[in-house]
**Q** 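Right, I'll just put the structure down here and ask away after.
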Amino acid sequence: MVPVPRPEPELTRFASRVLDVVDRIPPGQVLTYGDVAEYLGEGGPRGVGAVMARHGAAVAWWRVLRADGTVAPGLEDRALERLRAEGTPLARGGTRVDLSRARWDGR
DNA sequence: GTGCTGACACAGG
DNA sequence: ACCTGTGCCAGCA
């Protein structure tokens, strides 16, 4: 192939893959950062978190949570409001998601 | 290449 | 249940 210079990859390949997965999470269900990383087979939880921090606004970012069902600091209010609106099963007085019921099986 | 910063996970205490 | 340390890894200066 002739080396055609590409303008600038808006997103790295990894970032694109992360957003792609998040985009498939059905309403009312969630995934953890680790789930996404495991599904992709690369990056790890922190890699996913890094992508979400920069590009999360483009997708349903509120459907990606920590491994214990809590939401990242500073996002609790906005996330829980949306999660409630979707009917996502909550626990602990509505302060966290009930992962045993809300975790997406990937299908 | 080097070093630092996080929307993380997990084991201890 | 909460706090801390360690391992982890993408993105950026």
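All values below come from the heavy atoms of this structure, side chains included, with hydrogens, waters and symmetry mates left out. Everything numeric in this text was worked out from a predicted model, so none of it was measured.
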**Q** Quick one: are A/L99 and A/V30 in side-chain contact, heavy atoms under 4.5 Å?
**A**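 Heavy-atom side-chain distance check passes, below 4.5 Å.
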**Q** Measuring only between side-chain heavy atoms, which start at C-beta, is A/W61 closer than 4.5 Å to A/L75?
**A**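 Yes, at least one pair of side-chain atoms sits under 4.5 Å.
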**Q** Would you mind reporting whether A/I25 and A/V64 have side-chain heavy atoms less than 4.5 Å apart?
**A**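 In short, these two side chains touch, coming nearer than 4.5 Å.
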**Q** Nearest whole angstrom, please: distance from the C1' of C/dA10 to the CG of A/L11.
**A**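 Rounding to the nearest Å, CG of A/L11 and C1' of C/dA10 are 13 Å apart.
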**Q** Scan A/A53 against the nucleic acid and name what it touches under 4.0 Å (heavy atoms): base, sugar-phosphate only, or nothing.
**A**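 Base contact.
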**Q** What's the CZ-P distance between A/F14 and C/dC12, to the nearest Å?
**A**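 It is 13 Å, rounded to the nearest whole Å.
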**Q** What's the CZ-P distance between A/R54 and C/dC12, to the nearest Å?
**A**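 After rounding, the gap between these two atoms is 4 Å.
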**Q** Please report the distance, rounded to the nearest Å, between CG in A/L80 and C1' in B/dA7.
**A**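 Going from A/L80 (CG) to B/dA7 (C1'), I get 14 Å.
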**Q** Once you round it to whole Å, what is the distance between C1' of C/dC9 and CD of A/E38?
**A**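 Going from A/E38 (CD) to C/dC9 (C1'), I get 16 Å.
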**Q** C/dG7 base to A/R46 side chain: any donor-acceptor pair below 3.5 Å?
**A**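 Side chain to base: pair found, below 3.5 Å.
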**Q** Using whole Å, report how far CH2 of A/W61 lies from C1' of B/dC8.
**A**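 That distance rounds to 17 Å.
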**Q** Any heavy-atom pair between the side chains of A/E86 and A/W62 that's under 4.5 Å?
**A**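 In short, these two side chains touch, coming nearer than 4.5 Å.
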**Q** Just wondering, do A/D35 and A/W104 contact through their side chains at under 4.5 Å, heavy atoms?
**A**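 Side chain of A/W104 against side chain of A/D35, heavy atoms only: no contact under 4.5 Å found.
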**Q** Is there, by distance only and without an angle test, a donor paired with an acceptor across the side chain of A/Y33 and the base of B/dA7 below 3.5 Å?
**A**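 Answer yes: a donor N or O sits under 3.5 Å from an acceptor.
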**Q** Among the candidates C/dG11, B/dA7, B/dA9, find the nucleotide nearest to the side-chain atoms of A/L75.
**A**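 So the side chain of A/L75 is nearest to B/dA7.
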**Q** To the nearest Å, give me how far apart CG (A/D68) and C1' (B/dA9) are.
**A**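 A/D68 atom CG is separated from B/dA9 atom C1' by 10 Å.
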**Q** Rounded to the Å, how far apart are A/R17 CZ and C/dG11 P?
**A**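 Rounded to whole Å, this separation is 13 Å.
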**Q** Hey, which of these two, A/P45 or A/R92, hits DNA chain C nearer its 5' end, going by closest nucleotide?
**A**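 The answer here is A/R92.
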**Q** Heavy-atom nearest nucleotide on DNA chain C for A/R96 versus A/G44: which residue maps closer to 5'?
**A**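 Here A/R96 is the residue nearer the 5' end.
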**Q** Using a cut-off of strictly less than 4.0 Å, decide whether A/T12 has a side-chain nitrogen or oxygen near OP1 or OP2 of C/dG11.
**A**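 For C/dG11, OP1/OP2 do have a side-chain N/O of A/T12 under 4.0 Å.
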